[in-house]
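What follows is one structure encoded as structure tokens, with my remarks underneath.
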Amino acid sequence: MIFLARIEDTFQIAGRGCVIVPAIPRSELSSKLRAGAPIQLRMADGRIVDTFIVSIELLCGPQVKDKRAFLLPATIGTEIQKGAEIWITPEE
């Protein structure tokens, strides 16, 4: 597994799911991510969530450091915490 970034922010899109905004990710890795890519989220309390990227969303605005954010499956709810780690899971 390869560490990508910590989660800087999260928000819900009604009817679509949870979006996680990575704190400036490792650019050489984040550019290789795609819809369907498996990831693992590691919370500060020790919980681990194995999931995947549904889509890559583009953010805009003066405060945006990196324009990429990741939409997760609709089954992932508000349990995702800011500061959690995003790990890239190797595909088999």
Side-chain angles (χ1 to χ4, degrees):
M1 299 191 88
I2 302 169
F3 176 72
L4 177 65
R6 291 195 178 273
I7 296 175
E8 182 176 297
D9 200 4
T10 68
F11 56 92
Q12 294 287 324
I13 298 178
R16 292 194 63 208
C18 177
V19 175
I20 56 174
V21 180
I24 305 182
R26 294 172 54 189
S27 60
E28 73 276 9
L29 296 175
S30 63
S31 64
K32 296 177 184 174
L33 290 176
R34 58 173 176 62
I39 59 172
Q40 186 178 83
L41 306 176
R42 298 180 184 177
M43 308 305 155
D45 63 7
R47 288 181 301 125
I48 294 176
V49 176
D50 289 306
T51 188
F52 65 95
I53 296 171
V54 171
S55 68
I56 297 176
E57 305 290 322
L58 297 177
L59 305 175
C60 62
Q63 302 297 323
V64 175
K65 296 175 188 168
D66 186 72
K67 297 188 182 301
R68 287 169 284 204
F70 307 126
L71 178 67
L72 303 180
T75 56
I76 303 291
T78 57
E79 73 272 11
I80 304 303
Q81 305 162 346
K82 293 178 185 178
E85 297 177 343
I86 306 168
W87 288 77
I88 299 171
T89 305
E91 295 187 60
E92 297 177 10

Are any of the side-chain heavy atoms of [X] and [Y] separated by less than 4.5 Å?
X: I76; Y: I20; answer: no
X: E8; Y: P22; answer: no
X: L33; Y: R68; answer: no
X: L41; Y: I86; answer: yes
X: L72; Y: V49; answer: no
X: D9; Y: K82; answer: yes

Contact summary for [X] and [Y], nearest pair of heavy atoms:
X: P73; Y: V54; answer: N-CG2, 3.4 Å
X: Q81; Y: A44; answer: OE1-N, 3.7 Å
X: S55; Y: A35; answer: CA-CB, 4.3 Å
X: E79; Y: M43; answer: O-SD, 4.2 Å

Problem set entry | Same cluster (ILVMFWY, side-chain, under 4.5 Å), F52 and I13 | yes
Exercise. If two hydrophobic side chains count as joined below 4.5 Å and joins carry through other members, does I48 share a cluster with I80?
Worked result: no
Exercise. CD1/I39 to CZ/F70 distance, rounded to the nearest 0.5 angstrom?
Worked result: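 The distance works out to 7.0 Å.
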Problem set entry | Inter-residue atom distance M1.CE - E85.CD, 0.5 Å rounding | 10.5 Å
For this session: Would you confirm whether R6, through its side chain, and G83, through its main-chain N or O, come within 3.5 Å as a donor-acceptor pair?
Result: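 The answer is yes, because a donor-acceptor pair under 3.5 Å joins these two groups.
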Problem set entry | Pairing residues for P38 by the side chain to side chain contact (heavy atoms under 4.5 Å, CB included) criterion, not counting sequence neighbours |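 Testing P38 for side chain to side chain contact (heavy atoms under 4.5 Å, CB included), a comparison that skips the adjacent residues, returns T89, E91.
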